[in-house]
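To start, the structure under review is shown below, and the notes come after it.
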Amino acid sequence: MDYIVIIVLQLAVTVANLALIAAGLAIVFGMMRVINFAHGEFLMLGGYAAIVSHRAGVNLWIAMFVVAPLVVGAVGAVLERLVIRRLYGRMIDTMLATWGISLALIGLVTVVFGNTVSGISPPLGSLEVGRYAIGRYELLLAVVCAALYGGGWLLLRRTSFGLIARGTMQNRTMAAALGVDPGRVYAVTFAAGAAVTGLAGALIAPIAGVVPTIGAAYIAKAFITVISGGAAIIAGTLSSATLLGSINTAFAFAFSPVLGEVALLAAAVILLRLLPQGITGRFFRKSL
Amino acid sequence: MVDITRRTLLTLAAGGAAASVGPFYLRRAQAADAIPIAGIHDASGGIDIYGRPMINCLQLAVEELNAAGGVLGKPLNLVNYDPQSNMQLYTQYATEAATKQKAAVVFGGILSASREAMRPTLRRFKTPYFYSLLYEGGVCDRNIFCMGSTPAQTLQKFTPFVMKRFNGKKIYTLAADYNYGQITAKWIKKFATESGGDVVATDFFPLDVNDFGPTIRKIQAAQPDIIMSVLVGANHNAFYRQWVAAGMKNKIPMASTTFGIGNEQLTTSPEEQNGIIVSYAYLDGIQTPENKAFLAKYTKRFDDKADPVTEGAAMTYHAVNLWAKAAELAGSVDRDKVIEALETGLSFIGPAGKTTIDPATHHDTLDVYIAEVRDRKFNVLESYLQQPPADTAAVCNLRAHPNENKQFVIDVKV
């Protein structure tokens, strides 16, 4: 019984992890169709923003929930203005440009903070389940992740900003004809995506630590999750994170962590062969 | 036979190439009174954390020798190359050091891959080569001297020590998924079994894994007495953090063969690191007059923010001094004479204790220390003097086969 409870909790944590690292990309790539190769570095910046401000005396929770999203959101806004804005609709060019940004950010952060791991211990202690235990902080991540996706859904569905954003992404010219400034909507959406990514990076930092090159460990998984999810960014990303996370956890428990990683990638390949439009290309088609 | 053919060809080719060789002779003539030597370590890139203290110690050793009058009355002219954690550059710089700079000796290499990239090049150009990091053992080549500890030297004492200290028999091993981790895991199993214990499970992790959640749950299910960490690099660092977060820190004690090589005592918090047991041929907590004097000099030269001295760094310091001693004994920096002098079983007493060259394997007999990590320091608990390189000696005998040139994969029988 304890074992089943702990497996379910571990599963929730793994799924939340995938959903968190993919959340910002779901906005930037899923919604705006901008292939952001610097997504991993946005996560890394979020981690550094939280750790550096915490070390400078800011309360840990404020550092994670306020400072990191603001810093990375601002970086995103500046990069959107300087680079991304000129490249909307030019996928290959965006890819090259964001790859360049990614390399530049890694270099810059290495120069400033050095090529070593920085970290803070996860707060909150652990939750005992019989002879098993799991970090309470990791469980908190699952809760925050659920809140983030729930909030995103409400924002997109129930607010006029959400409606305008969705409309602009669907038909830019029509939105402009109706008096919306598409440039502004794009800029705000990109900055929001960056801010969400910064938040995710900050939340993961106490568990994984940060190094300038840590983005490489996340970028592939983030893209796989968003692409496997398909067109509906919230339902799609959540369902693919659940599916891939479950497969990863099952194989990691049954065999080894290496096979868990292998199974995740293999599952994504098979999934895209069977459902080239992603999960929401066939299921949950009406969802968001 | 191949050698002779190649040499004959080279001799023939030399005539044709004479014109282009001209500038090199000029350069040598200008620097005739200094002995060129080379250091090839990563000062930037992904693994610079290992390289930086090694470069410091190389610098320090050379400056000390020069201040004391140099080697054979001539100053040493050290050139440091930075391969930027890139294996191709290792080969390129090894060639440059041997042919353009005409280095009398090369110190360098960090990962085994970098050593294996340089070793054939330096052998071909007859430039003696010192490799100072701990590694999996088995290199058999008369042109190289491997100064770091190998698994048999540390783990043979370390495994039973850990089992006794933590009063446990069931070990759970977590290892990095490449040759060092794989081989070390086998040695741990061998020595644990020999000491009446058992390795209940071994999990391997690719270097880019940083989520250890499922593994920690598996460990909780297996309930081992001891965790043995052979984890390597920045991503694996996350394990120590997640271990504490899961509340396991005070439940199952941990030992490691790798914690500290990359100065992990600075990248994890005391809460995460306190109590971990490690074993190396050098730790900055060694309480000998030699080590205290050495650390004082190191801090004075590089200030107290410099990277702490690791085993690889201390062994680099020993390597330079052993080479200098051999050159003095041989009366020359000629490769064959220096190697013969080293093969007399030269030894050097320094910060890491006594290091003696083992002529049959070109590894060394060294002192091994076991320490506990506490508040970013290593407190030495036990030392085992003069441990021979028994693993490499089982497969390599350069006395009997001086032309051997390979890295044996040592078959660990459990």
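Naming: A, B, ... by sequence-line order, numbering from 1 per chain. Values below: all heavy atoms of this structure, side chains included; hydrogens, waters and symmetry mates excluded.
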Side chain / backbone / both / neither for A:L127 at chain B, heavy atoms under 4.5 Å: neither

CG (A:L265) and CD1 (A:I270) are apart, to the nearest 0.5 Å, by 11.0 Å

So which bits of residues 7-15 of chain A come within less than 4.5 Å of chain B, counting non-hydrogen atoms only? A:Q10

Could you pull out all donor-acceptor pairs under 3.5 Å where a side-chain atom in residues 103-112 of chain A meets a protein atom, sequence neighbours excluded?
from	atom 1	to	atom 2	distance (Å)
A:T110	OG1	A:I106	O	2.6

Between B:F378 and B:Y280, does the ring centroid distance fall short of 6.0 Å? no

Side chain, backbone, both or neither: which part of B:Q223 has an atom under 4.5 Å from a heavy atom of chain A? side chain

Heavy-atom pairs under 4.5 Å with chain A: which of B:M248, B:R217, B:K218, B:Q242 has the most? B:R217

What I want to check is whether the side chains of B:Q265 and B:D375 have a donor and an acceptor closer together than 3.5 Å. no

Toward chain B, the part of A:F251 with a non-hydrogen atom under 4.5 Å: neither

Taking the basic N atoms (NZ, or NE/NH1/NH2) and the acidic carboxylate oxygens, is any pair closer than 4.0 Å for B:R376 and B:E264? no

Of all pairs that satisfy ring-ring contact (aromatic ring centres under 6.0 Å, His included), the ones with a partner from residues 120-140 of chain A, not counting sequence neighbours: A:Y3-A:Y132

Spacing of CZ belonging to B:R52 relative to OG1 belonging to B:T310, to within rounding of 0.5 Å: 11.0 Å

Picking from A:P123, A:S256, A:G135, which has the most non-hydrogen pairs under 4.5 angstrom with chain B? A:G135

Validate the cation-pi geometry between B:R115 and B:Y135: distance from NZ or CZ to the six-membered ring centre under 6.0 Å, angle to the ring axis within 45°. yes

If one checks every heavy atom of B:V244 against chain A at 4.5 Å, the contacting part turns out to be neither

For chain A, which of B:S44, B:S269, B:G247, B:G213 has the most heavy-atom pairs under 4.5 Å? B:G213

The interface call for A:P212 against chain B, heavy-atom contacts under 4.5 Å, is neither

Distance-only donor-acceptor check, side chains B:N56 and B:Y298, under 3.5 Å: yes

For B:Y93, all residues meeting ring-ring contact (aromatic ring centres under 6.0 Å, His included), sequence neighbours excluded: B:Y81

